[in-house]
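Heads up, the thing below is written out as structure tokens.
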There are 2 protein chains.
Amino acid sequence: MFSQSEENYIKAIYHLAVDSSVKGISTNAIAKKLATKASSVTDMIKKLSEKKVVVYKKYQGVTLTDFGKKTATNIIRKHRLWEVFLVEKLNFSWDEVHEVAEQLEHIKSPKLINELDIFLGFPKRDPHGDPIPDSEGNLQIIEKSLLAVLNKGEEGICVGVDDTSSEFLQFLDKQGIALGKRIKVIEKEPFDGSLLIQLDDKELSISNKIANNLYIQQ
Amino acid sequence: MFSQSEENYIKAIYHLAVDSSVKGISTNAIAKKLATKASSVTDMIKKLSEKKVVVYKKYQGVTLTDFGKKTATNIIRKHRLWEVFLVEKLNFSWDEVHEVAEQLEHIKSPKLINELDIFLGFPKRDPHGDPIPDSEGNLQIIEKSLLAVLNKGEEGICVGVDDTSSEFLQFLDKQGIALGKRIKVIEKEPFDGSLLIQLDDKELSISNKIANNLYIQQ
DNA sequence: TATAATTTTTAGTCATGTCTAAAAATCATT
DNA sequence: AATGATTTTTAGACATGACTAAAAATTATA
Ligand SMILES: [Mn+2]
Ligand SMILES: [Mn+2]
Ligand SMILES: [Mn+2]
Ligand SMILES: [Mn+2]
């Protein structure tokens, strides 16, 4: 069994590894993600290495073992299932779930999480469009592209967000942008990368920063 | 905010105070309840005293302040609501919920617990018949008596259990004893305190130990 | 390739929560 | 009231997980 702290490190390393294509994850990157100090990361890395969760050579960064990856996807499965529960059953909005799921993901009970999965009807995505790993840790990859890379005239369905901060999510709510909405690029401004999009028969101008945090399935 | 460990101590002190009618709760009693050592209890008691949760004078035992009682009932509210959730929604049996609720009771989120209460339809009792405090910490007292104190010929409805160990609860399942069942004392054996009871038109002999852990409402 | 900047590790400290062993206080018994 | 038993506290240690400051290694730059 892993402590809450160990689990947070394992998850952070997994997420960094998924979207960074580099072999070893750096101490500093982990420290930044977890808002802690590099020296603390080095300490924890040594422990996780002892426990065969990561492969670690001094100054070379860290890589998850298969066991480590399995552990990580299991925590992510719990996190995302709880997020679905909070939104679907307890009237949380998608910008309120993260903090609570961050706690709930550490509850130890295999029965709990499998029954929760059943109760929720085996959801495939969490409220932010992220895929939910199955109990073996398999996680379906969804082909999706950032809205920012679409060309003028192209369109698709909004299927996810990259940034899950409540500021960003509340902004999307305010603009009427939600998962499942059809978005079409009407105009693309070369100067600042801003887009004019069509949403629900309205036209809307969104900045490049926004377009770089919205995933579209074409 | 309190740590998980602090919360476990607060809850233990509350429970000991409720069913022991003595002013000060002893260090040893707390140690026994939490399966820890008296010296650890003394350390923690000092900290809780600093935080105004308990009143403590050396060698005199410990008493919860109003603030401490409020904190305790809040944890108990969470514990019992989660137990209801597990049984009603996730197909847990009443002997499987305790361990998990012991973890879930420490999740910090006022919205979570209030929404859970709504979702469950404001239950008044947990799966073991124990009352669920409201959000102000008020807890209705249920008049109930141990089956062991009933006299020959008396009867009532089973409304609670004192021991919530899975061994005891599974034993009750096996005998067909459950909350809501009507029980009548047919015969009372003075020698060992065992009872012959009527349950569902069957007669059943139960030991004094069992009768001392079953609550009846007459 | 030497030097500077950055990253990573080490050394030492601290808070929390636990423990054992010993001392001190309280309680029980005669 | 004295003695013995029990309870409680203290003292000192340890594990976990964090921190700061300094040293060491790596990477970037001239
Ligand atoms: Mn977490
Ligand atoms: Mn999510
Ligand atoms: Mn607990
Ligand atoms: Mn209960």
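As a basis for the values below, the full set of heavy atoms in this structure was taken, side chains included, without hydrogen atoms, waters or symmetry mates. Proteins come first, then strands; the chains are lettered A, B, ... in the order of their sequence lines, and each starts at number 1.
We find that CG of B/Leu34 is positioned 10 Å from P of C/dC19, with the value rounded to whole Å. Atom C1' of nucleotide C/dT16 and atom NZ of B/Lys51 are separated by 10 Å, given to the nearest angstrom. In this structure, CG of A/Asp43 is placed 12 Å from C1' of C/dT8, rounded to the nearest angstrom. What separates CD of A/Gln60 from P of D/dT26 is a distance of 8 Å, to the nearest Å. Atom pair A/Glu7:CD and D/dT16:C1' shows a separation of 15 Å (rounding to whole Å applied). Rounded to whole Å, the distance from CG on B/Asn8 to C1' on C/dT18 is 14 Å. Taking atom CD on B/Gln4 and atom P on D/dT16, their separation rounds to 17 Å, with Å as the unit. Between the P atom of D/dT26 and the OH atom of A/Tyr59 lies a distance of 7 Å, rounded to the nearest Å.
The environment of CD in A/Gln140 is crowded: more than 12 heavy-atom neighbours from other residues, nucleotides or ligands sit within 6.0 Å.
The CD1 atom of B/Ile197 lies 4.0 Å from the CD1 atom of B/Ile206; values are rounded to the nearest 0.5 Å.
In terms of phosphate contacts, A/Asn28 brings no side-chain nitrogen or oxygen within less than 4.0 Å of OP1 or OP2 of C/dT6. Residue B/Thr27 places at least one side-chain N or O under 4.0 Å from the OP1 or OP2 atom of D/dT9. Neither OP1 nor OP2 of D/dT8 sits under 4.0 Å from any side-chain N or O of B/Lys37. Of the side-chain N and O atoms in A/Thr36, one or more sit less than 4.0 angstrom from OP1 or OP2 of D/dC19. Taking side-chain N and O atoms only, A/Lys46 has a distance below 4.0 Å to OP1 or OP2 of C/dT10. At the phosphate of D/dT9, OP1 or OP2 sits under 4.0 Å from a side-chain N or O atom of B/Tyr56.
The side chain of B/Tyr9 approaches C/dT18 more closely than any other nucleotide in the set D/dT8, C/dT18, D/dT10.
Of the candidates B/Gln4, B/Glu7, B/Lys78, B/Glu7 is the only one forming a side-chain hydrogen bond (donor to acceptor under 3.5 Å, both in side chains) with B/His106.
Not a single donor-acceptor pair, N or O on each side, falls under 3.5 Å between the base of C/dT10 and the side chain of A/Thr42. The base of C/dT18 lies outside donor-acceptor range of the side chain of B/Ser39, with no N or O pair under 3.5 Å.
Using a 4.5 Å cut-off on side-chain heavy atoms (C-beta onward), B/Arg77 and B/Glu105 make no contact.
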**Request:** Tell me, with the steps shown, if A/Asp173 and A/Trp94 meet side-chain hydrogen bond (donor to acceptor under 3.5 Å, both in side chains).
**Result:** CA-CA 10 Å; A/Asp173 286 343; A/Trp94 67 342; 3.1 Å; yes
